[in-house]
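Comments concern the structure below.
As a basis for the values below, the full set of heavy atoms in this structure was taken, side chains included, without hydrogen atoms, waters or symmetry mates. In what follows, chains are A, B, ... by sequence order, proteins preceding strands, each numbered from 1.
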Amino acid sequence: MVIKQISFFDPVKIARSGQAFRIQVIDSDHTELVAKGRYLQIARTGEDTFAFSCSEDEFQNIWYNYFDLGRDYREISKRIDKKDKYLQRAEEYGRGIRILKQEVFETTISYIISQRRSIPSITTSVEKISRISGKVIKAPKLKSPFVAPIHSEYYAFPSPDSLARLSTEELKETGVGYRAPYIAEAARDFASGKLDEKELARTGDEELYKALTGMYGVGTKVANCIMLFSFARTSRFPIDVWIQRILDNYYEGHFDTSSYPDTAGIMQQFMFYYERTKDIHN
DNA sequence: GTCCAGGATCGGG
DNA sequence: CCCGATCATGGA
């Protein structure tokens, strides 16, 4: 276990921000997630202090980067246009959210699934896919300040190889419906090396965008989500039905992302979280 | 039962 | 380039 003092960090808000589908709230002070083939629990131990159920090495090598802890969100907050009252409110409300750097393949498949579905429903499918083709992860025994994990075992998100091996019938049992062929092709392309995560990571925004939208079942919105949530391309601004509604209601249908050249995607996430959670949910 | 969901594809104008 | 129809299922 490690304890860290971190400001502008709120795992519960992150879990409810809709950017990741495998991070869950246990109670108001505890969250758990499966990523990078591991289980992690985070316990709030003070105003700005958190316990992570991992070693110092693991924290530095994996989670520091995963939770975007090297970025100064205080500075980002300060740079928000003072005249933009909606965005000011959204940022204050969502303060603590960070843009995760999730795994590329998992994010790609998850957002392919996401089209025309609700978040709870996406979560169910991602969970089922992991259960039928991901590696088992045994829940650790944790002591205070942690609590017992929700389940006794978890499943890593599958590798491209193992997902590509699923039959169409097996895939459809996960509830992905007509997106099954999209998923199958994406899995084959990552498995064969036609799409290579490390190569993609080296390319510029426009080239990466072209490569992603070139995939079967990946359009404008999903490509931007993949770029934002797994490639740390924080200038990308995915527009879904929620964001479009916000733009229509508060921005005359259009948001000028040029005001936030490197952080538009972070603004997007504040808006999305605020609009979805300020009244009720889902 | 009814409605809509973190959209994309396809064909046609 | 833009438009409309269509897509399979779950969850409320």
Practice task
For nucleotides dA5(C) and dC4(B), find the distance between their P atoms and express it as a whole number of Å.
Solution key: 16 Å

Completion exercise
Whole-Å distance, Ile239(A) CD1 to dA5(B) C1', equals 18 Å

Problem - Nucleic acid contacts of residues 96-110 of chain A, taken as heavy-atom distances under 4.0 Å to DNA chain B - result: none

Practice task
For Arg16(A) and Tyr273(A), test the side chains for any donor-to-acceptor distance below 3.5 angstrom and give the result as yes or no.
Solution key: no

Handout entry: Derivation and outcome, side-chain contact (heavy atoms from CB on, under 4.5 Å), residues Tyr73(A) and Thr263(A)
Key = CA-CA 10 Å; Tyr73(A) 280 72; Thr263(A) 56; over 6 Å; no

Handout entry: Polar contact flag, side-chain donor to acceptor under 3.5 angstrom, Ser159(A)-Asp161(A)
Key = no

Fill in the blank from the handout: Taken to the nearest whole Å, CZ/Arg236(A) to C1'/dG6(B) is 16 Å

Exercise for the section: Could you tell me whether Ser125(A) contacts a base, only the sugar-phosphate backbone, or nothing, with contacts defined as non-hydrogen atoms closer than 4.0 Å? Expected result: nothing

Handout entry: Any side-chain donor near an acceptor of the partner, Gln244(A) and Asp248(A), under 3.5 Å
Key = yes

Problem - Donor-acceptor side-chain pairing of Tyr251(A) and Asp84(A) below 3.5 angstrom - result: yes

Exercise for the section: Could you work out the separation of dC7(C) and dA5(B) based on their C1' atoms and round it to a whole Å? Expected result: 13 Å

Problem - Nucleotide dA12(C), atom P - distance to CZ of Arg276(A) in whole Å - result: 12 Å

Exercise for the section: Specify the separation, in whole Å, of atom CD1 of Ile113(A) and atom C1' of dG6(B). Expected result: 13 Å

Handout entry: Carboxylate-amine/guanidinium contact Arg79(A) Glu75(A), below 4.0 Å
Key = yes

Atom pairs and distances, donor-acceptor, side-chain atoms in residues 33-48 of chain A, under 3.5 Å, two or more places apart:
| from | atom 1 | to | atom 2 | distance (Å) |
| --- | --- | --- | --- | --- |
| Arg38(A) | NH1 | Glu58(A) | OE1 | 3.0 |
| Tyr39(A) | OH | Glu32(A) | OE1 | 2.6 |
| Tyr39(A) | OH | Gln41(A) | NE2 | 2.9 |
| Gln41(A) | OE1 | Val147(A) | N | 2.8 |
| Gln41(A) | NE2 | Val147(A) | O | 3.1 |
| Arg44(A) | NH1 | Gly46(A) | O | 3.4 |
| Arg44(A) | NH1 | Glu47(A) | O | 2.7 |
| Thr45(A) | OG1 | Thr49(A) | O | 3.2 |
| Thr45(A) | OG1 | Thr49(A) | OG1 | 2.9 |

Practice task
Let me know the distance between CZ of Arg117(A) and P of dA8(B), rounded to the nearest Å.
Solution key: 15 Å

Practice task
Decide whether Glu153(A) and Tyr155(A) meet the rule of one side-chain donor and one side-chain acceptor closer than 3.5 Å.
Solution key: yes

Practice task
Would you indicate what Glu173(A) reaches in the nucleic acid, counting non-hydrogen atoms under 4.0 angstrom: base, sugar-phosphate, or nothing?
Solution key: nothing

Quick one: side chains of residues 133-146 of chain A, donor-acceptor pairs under 3.5 Å with protein atoms, not counting sequence neighbours, listed by atom name and distance.
| from | atom 1 | to | atom 2 | distance (Å) |
| --- | --- | --- | --- | --- |
| Ser133(A) | OG | Ile129(A) | O | 3.2 |

Exercise for the section: Send over the distance from Ile183(A) CD1 to dT9(C) C1', rounded to a whole Å. Expected result: 13 Å

Exercise for the section: Could you tell me the separation between the CD1 atom of Ile119(A) and the P atom of dA12(C), rounded to a whole number of Å? Expected result: 13 Å

Problem - Sugar-phosphate only, base, or nothing, as touched by Ile112(A) at under 4.0 Å among non-hydrogen atoms - result: nothing

What nitrogen or oxygen pairs link the protein and nucleotides 4-7 of chain C at under 3.5 Å?
| from | atom 1 | to | atom 2 | distance (Å) |
| --- | --- | --- | --- | --- |
| dC7(C) | N3 | Arg116(A) | NH1 | 2.8 |
| dC7(C) | N4 | Arg116(A) | NE | 3.4 |
| dC7(C) | N4 | Arg116(A) | NH1 | 2.6 |
| dC7(C) | N4 | Arg116(A) | NH2 | 2.9 |

Exercise for the section: State yes or no: are the ring centers of Phe21(A) and Tyr111(A) separated by less than 6.0 Å? Expected result: yes

Practice task
May I ask you to say what Gln269(A) touches in the nucleic acid, namely base, sugar-phosphate or nothing, with a heavy-atom cut-off under 4.0 Å?
Solution key: base

Problem - Whole-Å distance separating the CH2 atom of Trp242(A) from the C1' atom of dC4(B) - result: 11 Å

Exercise for the section: Mind jotting down which residue pairs meet the salt bridge (Lys or Arg N to Asp or Glu O under 4.0 Å) criterion with at least one end in residues 105-134 of chain A? Sequence neighbours excluded, please. Expected result: Arg22(A)-Glu127(A)

Practice task
For dG1(B) and dG10(C), measure between their C1' atoms and round to the nearest Å.
Solution key: 15 Å

Exercise for the section: Decide, applying a 5.5 Å centre-distance limit and a 30° plane-angle limit (both strict), whether Tyr111(A) stacks on dG6(B). Expected result: no

Problem - Close approaches to DNA chain B from residues 208-231 of chain A, in residue order (heavy atom, under 4.0 Å) - result: Met215(A), Tyr216(A), Gly217(A), Val218(A), Gly219(A), Thr220(A), Lys221(A), Val222(A), Phe229(A)

Completion exercise
Between Thr124(A) and Gly177(A), the residue closer to the 5' end of DNA chain C by nearest nucleotide is Gly177(A)

Problem - Glu56(A), CD: over 12 other non-hydrogen atoms inside 6.0 angstrom - result: yes

